[in-house]
There are 2 protein chains.
Amino acid sequence: MIRDSRLSSVLHALLHMAEHDGPMTSEALGRCLAANPVVVRRTMGLLRDAGLVASERGHAGGWRIVADLETVSLRRLHEALGEPAIHALGHRHETPSCLVEQAVNAALGQAMAEAEALLLDRFAQVTLADLARDFARRHAEVRAQKG
Amino acid sequence: MIRDSRLSSVLHALLHMAEHDGPMTSEALGRCLAANPVVVRRTMGLLRDAGLVASERGHAGGWRIVADLETVSLRRLHEALGEPAIHALGHRHETPSCLVEQAVNAALGQAMAEAEALLLDRFAQVTLADLARDFARRHAEVRAQKG
DNA sequence: AATCATGTAACTAGTGATGTTACATGAAGG
DNA sequence: CCTTCATGTAACATCACTAGTTACATGATT
């Protein structure tokens with residue numbers, strides 16, 4: 001089971017918002033993501049706290065992007081979500097007194113730190129604008145196949 | 001919360017077994033790991049199925065290593081444990097019909113695949129013998145400080 | 001004032017490792 | 001043979017966390 005799909009969800013939501021004129025309601029986003037509107041609000045609220053989106057109540061309310069797509073990287077979104085744990089693996093005692101466990105933690109910890117650094121680096125290199133362009137390319141491709 | 005510390009646990013257990021003469025009981029290993037003996041049996045059983053350790057019942061029974069420490073890598077142990085999920089992040093729909101989600105999955109999936117490949121590569125390069133040597137070095141260091 | 005949408009609390013569901021109890025099975029020693 | 005010791009395994013509880021759901025308050029627009 002995937003433990004945390006929020007980064008994927010907010011990316012999906014943000015791209016839909018980028019392609020959409022005017023604010024989108026939590027319910028509309030929930031239909032796009034096949035997710036519950038309350039969960040959408042809960043997750044988007046973290047992006048609002050980070051200054052990436054804004055929400056408005058009442059008629060014609062909803063969510064809209066207030067940041068430049070070119071400057072928002074996946075890493076920034078990951079941070080906005082509270083930097084949830086990336087790895088499902090780990091060790092129980094962080095600072096063990098046992099020398100054996102220290103050796104284990106050193107080896108395991110280094111490999112995982114390298115993998116995490118690589119992932120965060122990749123996240124930092126991809127912006128919402130990149131994804132929007134990739135979507136546009138896929139969209140054009142499908143239209144070309146049909147036409 | 002760490003979801004899966006089994007790799008760390010079996011490494012810890014195997015190194016203790018390597019430093020110990022004769023088989024070690026689940027209860028003794030449980031004391032080393034601060035874990036429940038039944039959990040130890042459950043986890044070590046996977047290594048037994050992979051041919052890395054053997055178990056014996058009755059008096060003077062317990063667990064012992066039957067593989068060459070030089071040839072057992074962290075990756076092989078990870079495989080013996082059933083290759084549990086490495087990432088805590090992911091997306092919900094693997095093959096979405098939505099083009100937006102396809103673009104998201106492609107970007108996210110590639111970054112995560114790279115990170116996973118790096119981690120598995122690092123795991124493949126570290127053997128139990130390497131860890132045993134690292135432990136011996138740490139042990140000598142501590143004795144030097146005391147003496 | 002009615003309607004619409006967010007804000008948020010409170011609770012449930014689902015997942016997977018880990019903890020725990022209980023009991024069967026087999027091996028060694030008296 | 002029988003007791004003891006240790007694994008083998010089933011069954012259930014616990015824990016942590018995201019996601020789903022219900023309910024209601026708050027604020028903005030018409």
Side-chain angles (χ1 to χ4, degrees), chain A residues 1-10 12-13 17 20 22-49 53-64 66 78 80-93, chain B residues 1-10 12-13 17 20 22-49 53-64 66 78 80-93:
Chain A
M1 165 225 190
I2 286 352
R3 234 186 57 188
D4 190 345
S5 60
R6 287 179 299 171
L7 180 54
S8 170
S9 289
V10 298
H12 193 166
M17 288 160 69
H20 186 269
M24 286 185 75
T25 67
S26 302
E27 198 189 329
L29 288 173
R31 275 195 302 272
C32 292
L33 310 183
N36 192 286
V38 178
V39 177
V40 171
R41 280 198 278 276
R42 198 184 284 159
T43 309
M44 294 296 289
L46 297 172
L47 302 193
R48 182 196 52 222
D49 295 345
V53 302
S55 58
E56 274 153 28
R57 306 204 238 201
H59 286 268
W63 302 88
R64 61 192 170 82
V66 296
H78 174 68
L81 294 175
E83 302 192 55
I86 286 176
H87 289 115
L89 273 45
H91 29 72
R92 290 196 284 187
H93 313 297
Chain B
M1 166 225 189
I2 284 5
R3 232 187 59 191
D4 189 346
S5 61
R6 288 179 300 169
L7 180 55
S8 171
S9 290
V10 298
H12 193 167
M17 288 161 68
H20 185 269
M24 287 185 75
T25 68
S26 302
E27 198 188 330
L29 288 173
R31 275 196 300 273
C32 291
L33 310 182
N36 191 286
V38 178
V39 177
V40 171
R41 280 198 278 276
R42 199 184 284 159
T43 309
M44 294 296 289
L46 297 172
L47 301 193
R48 182 196 52 222
D49 295 344
V53 302
S55 59
E56 274 153 29
R57 305 203 239 199
H59 285 268
W63 302 88
R64 61 191 169 83
V66 296
H78 173 67
L81 294 175
E83 302 192 56
I86 286 176
H87 288 115
L89 273 45
H91 29 73
R92 290 197 285 185
H93 314 296

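Lettering of chains follows the sequences in order, A, B, ..., and the numbering in each one begins at 1. As a basis for the values below, the full set of heavy atoms in this structure was taken, side chains included, without hydrogen atoms, waters or symmetry mates. Being a predicted model, the structure only gives us computed values, none of them experimental.
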Inset, instruction - Using a cut-off of strictly less than 4.0 Å, decide whether B:Ser26 has a side-chain nitrogen or oxygen near OP1 or OP2 of D:dA6. - result: no
Legend entry - Between C:dC11 (P) and A:Asn36 (CG): distance, integer Å: 18 Å
Legend entry - B:Thr25 to B:Trp63 - nearest heavy-atom pair and separation: C-CD1, 4.3 Å
Legend entry - Value in whole Å for how far the P atom of C:dA27 lies from CZ of B:Arg64: 14 Å
Legend entry - Separation of C:dA17 P from B:Leu46 CG (nearest whole Å): 10 Å
Inset, instruction - Would you classify A:Glu56 as touching base, sugar-phosphate or nothing, given that sugar-phosphate means primed atoms plus P, OP1 and OP2, and contacts are heavy atoms under 4.0 Å? - result: sugar-phosphate
Legend entry - N or O in side chain of A:Ser55 less than 4.0 angstrom from C:dA5 OP1/OP2: no
Legend entry - Value rounded to 0.5 Å, distance of CG in B:Asp4 from OG1 in B:Thr43: 8.5 Å
Legend entry - Distance in angstrom units between A:Leu89 CG and C:dA17 C1', rounded: 11 Å
Inset, instruction - Could you tell me which non-hydrogen atom of A:Ala60 sits nearest to which non-hydrogen atom of A:Pro23, and how far apart they are? - result: O-CG, 3.3 Å
Legend entry - Nearest heavy atoms of B:His91 and A:Ser5, plus distance in Å: CA-CB, 4.3 Å
Legend entry - Of the listed nucleotides D:dT7, C:dT6, C:dA22, the one nearest the side chain of A:Trp63: C:dT6
Distances for protein N/O vs nucleotides 28-30 of chain D N/O pairs under 3.5 angstrom?
residue: D:dT29; atom: O2; partner: A:His59; partner atom: NE2; Å: 3.4

Legend entry - Under-3.5 Å donor-acceptor pair between B:Arg6 side chain and C:dG16 base: no
Inset, instruction - Any chance you could lay out the side chain to side chain contact (heavy atoms under 4.5 Å, CB included) test for A:Arg6 and A:Leu46, step after step, and finish with the verdict? - result: CA-CA 11 Å; A:Arg6 287 179 299 171; A:Leu46 297 172; 4.0 Å; yes
Inset, instruction - Specify the residue among B:Arg92 and B:Gly45 whose closest nucleotide of DNA chain D lies further upstream toward the 5′ end. - result: B:Gly45
Inset, instruction - Starting from P on C:dA5, measure out to CZ on A:Arg31 and report it in whole angstrom. - result: 10 Å
Inset, instruction - Take atom CZ of B:Arg42 and atom P of C:dT18, then tell me their distance rounded to the nearest Å. - result: 9 Å
Legend entry - Whichever of B:Arg41 and B:Ala34 has its nearest DNA chain C nucleotide further upstream toward 5': B:Ala34
Inset, instruction - Round to a whole Å and report the spacing from CZ of A:Arg3 to C1' of D:dC15. - result: 11 Å
Inset, instruction - Would you mind reading off the distance between A:Leu29 atom CG and C:dA5 atom C1', rounded to a whole angstrom? - result: 12 Å
Legend entry - Minimal non-hydrogen separation, B:Arg92 against A:Leu33, with atom names: NH2-O, 3.2 Å
Inset, instruction - Spell out yes or no: do the side chain of B:Arg48 and the base of D:dG8 have one donor N/O and one acceptor N/O closer than 3.5 Å? - result: no
Legend entry - Beyond-backbone contact of B:Leu89 with A:Arg3, side-chain heavy atoms, under 4.5 angstrom: no
Inset, instruction - Take B:Thr25 and A:Pro84, find for each the nucleotide of DNA chain D with the closest heavy atom, and name the residue whose nucleotide sits nearer the 5' end. - result: B:Thr25
